[in-house]
Amino acid sequence: MKIGILISGRGSNMMAIAEAAKVGLIENCEISVVISDKADALGLKKAKNIGLKTVVIERNGRKREVHDAEIITELKKYSVDFICLAGYMRLLSAEFVLAFQNQIINIHPSLLPSFPGLDAQQQAFEYGVHLTGCTVHFVDEQLDHGAIISQKSVSIKADDTLQTLSEKILHEEHKLYVETLNKLSTKKFEINGRKITFK
Ligand code: GRF
């Protein structure tokens with residue numbers, strides 16, 4: 001399974017995937033390329049340090065479609081099976097989604113459909129829910145909206161702060177992304193509308 005990873009920031013999920021792939025926790029997984037839309041993303045340094053191929057494709061004020069077209073061209077070079085968004089802070093164009101149908105995956109730090117968008121941990125914390133978590137889902141043109149592949153819950157305790165909660169969720173994100181990719185690597189799943197079934 002060849003994957004491309006898109007990042008914009010610190011890249012902890014990217015590193016979790018890379019480390020898991022290296023030790024075989026994701027079967028037959030090769031990270032073909034890590035693409036960042038930010039030249040100063042911390043994750044880029046981390047990826048380089050462990051010998052991954054990195055490419056920077058900044059938006060530079062271009063239209064979303066034009067920026068995305070350059071990313072699509074780069075990804076097509078590697079014939080990737082899946083594209084993992086890992087803290088990639090841009091909404092994808094319809095063209096991007098169409099070019100890789102059911103191949104683009106994202107991780108979001110809440111139990112979708114609750115708390116989509118930015119600062120999901122803070123949204124959950126302030127709302128006062130007792131359970132939140134993280135979601136791995138396929139990507140469509142709408143924000144944090146595509147079919148849900150897997151979820152993990154995290155409880156919010158009375159003594160949690162936003163920081164402790166965010167740390168707990170991130171810890172689960174790293175495990176969930178790896179487990180989910182490992183399941184997808186078997187290719188033994190069916191997609192019917194919004195429902196994903198693993199065999
Ligand atoms: C994670 O919380 C992820 O769920 C969200 O953005 C954050 C990225 O963190 N989409 P990192 O760059 O993987 O450390």
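One-based numbering, in listed order, for ligands and for the atoms of each. Keep in mind that what you see is a predicted model, and the values were worked out from it rather than measured.
The protein heavy atom nearest to atom 2 (O) of ligand 1 is E173 OE2, 3.0 Å. For atom 9 (O) of ligand 1, the closest heavy atom belonging to the protein is R10 NH2, 3.2 Å.
Under the 4.0 angstrom criterion for non-hydrogen atoms, G11 is in contact with ligand 1.
Residues S110 and T132 bring no donor and acceptor atom of their side chains to less than 3.5 Å of each other. Judged by distance alone, the side chains of H130 and S155 never bring a donor and an acceptor atom under 3.5 Å apart.
The atoms of ligand 1 that sit less than 4.0 Å from any heavy atom of S12 are 11 (P), 12 (O), 13 (O), 14 (O).
Counting only heavy atoms from C-beta outward, the side chains of V56 and L44 approach each other to under 4.5 Å.
Among C84, A16, S8, G87, the residue whose heavy atom lies nearest to atom 8 (C) of ligand 1 is G87.
Here CG of N13 is found 6.0 Å from CG of L170. Values are rounded to the nearest 0.5 Å. Residue T161 holds its OG1 atom at 7.0 Å from CD of E167, rounded to the nearest 0.5 Å. Note that CD of Q121 is 7.0 Å distant from CG of L162, once rounded to the nearest 0.5 Å.
At least one N or O atom of I107, backbone or side chain, sits closer than 3.5 Å to an N or O atom of ligand 1. For ligand 1, the polar-atom distance check against G9 finds no nitrogen or oxygen pair separated by under 3.5 Å.
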